[in-house]
Amino acid sequence: MASAFAPGKCILFGEHAVVFGHPAVAVAIDQGVEVSISESPSWMLEGSPFEPSRHPHISHIIQNVFGYDGHPLNIEVKSELFSAAGMGSSAALSNAFGAALHAFLDPSEPLVPIELAKMAHSAEATAQKGRASPTDTATSALGGFVVVSGGRVEGTRHVFDTSLVTPEGKRDWSVNAVDVPESIGDAWLVLGFTGEGSPTGRMVAKVAKLVSSVPERMMDLEAIANITNAGLTALSAGNLEALGIAMDACHERLRSLEVSNHKLERLVEASRPHSLGAKLTGAGGGGCMVALTDNPSRVSEAIEVAGGKPLASKLGASGVTITGE
Ligand code: MEV
């Protein structure tokens, strides 16, 4: 028997702009996915026979990464994340499963988070027709605050570089960490789920079409890049007020790129009176918003009253951990 936990993530700054090579800042949250593995008479996943084609992340890790053809396994998954909501649930599943299988097969070998991040990224890419940025998988594997960009980012600690051959050509990313002062620990994030999935592929295509047909919208992407840099400076200095202001500014630019919707606007508006800042997070068109606050219970109530599902977390949870061997 072996088990591992991997956290979900929330994008603080830079969604959509990251697709155009600008930096994005993501943070690991307290909630995540726990996977347990044990030997079993036949292959099982959550009490049902395991069908590899329906679970491409898991089958990629079993077959292509570990080349495992040993005894059948029983796989149990416990998730605290809303799925298809932009919280990185599939990345957390890949990391937790990869870490649990590693601990199951080779308990004496220490886990290497960078290797795990790369493994989970390859699983995401396989499951998403070759298109996946390493943001979710790296944040879940490493924990803390992660900056993903087309190049090195000033004021951050470089962790690793990675690349992927996508249907549109080879993409290269630099994955960096941000060291933050303890004062960041005074704040909370409250995520508000609209109850609707976030169609990432469709929203990314919508932004690509908008910026090619209305070239002034390219200015919004450049503005998001500037806001991301200001947000990074605020994070590194532990300046929560400035962090909140940057989140509000980022939301305005995402609205202008037409990726917000009525439900997201309602949840953002409801949180703002009790927050330092609030914005949609991830691809938009549904999914989640996030508020930065020192009063998580008031914000959670406001989100619930406005029709959303709240989830409160401290900022910068630990990365993937082995929870049982
Ligand atoms: C989705 O969580 C974030 C986007 O920037 C897409 C991506 O980075 O691949 C919208």
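Heads up: numbering here begins at 1 and tracks the sequence. One-based numbering, in listed order, for ligands and for the atoms of each. As the structure is a computational prediction, the values presented were derived from the model and not from experiment.
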Check ligand 1 against the protein and report each N/O to N/O distance under 3.5 Å, formatted as atom name, atom name, distance.
from	atom 1	to	atom 2	distance (Å)
ligand 1	5 (O)	His16	N	2.9

(request) Name all residues meeting the side chain to side chain contact (heavy atoms under 4.5 Å, CB included) criterion together with Asn261; count only those two or more places apart in sequence or in a different chain, and write none if there are none. (result) Glu196, Lys263, Leu264
(message) Tell me every residue that passes ring pair (Phe, Tyr, Trp, His ring centres under 6.0 Å) with His121, counting only those two or more places apart in sequence or in another chain.
(response) Trp173
(message) Would you say CD of Glu46 has more than 12 non-hydrogen atoms from neighbouring residues, nucleotides or ligands within 6.0 angstrom?
(response) yes
(request) Could you check Arg272, Arg253, Lys279 and say which one makes a salt bridge (charged side-chain N to carboxylate O under 4.0 Å, His left out) with Asp248? (result) Arg272
(request) Classify the ring geometry between Trp43 and Phe50 as parallel (under 30°), tilted (30 to 60°) or perpendicular (over 60°). (result) tilted
(request) Mind jotting down which residue pairs meet the side-chain hydrogen bond (donor to acceptor under 3.5 Å, both in side chains) criterion with at least one end in residues 77-106? Sequence neighbours excluded, please. (result) Ser90-Glu124, Asn95-Ser140
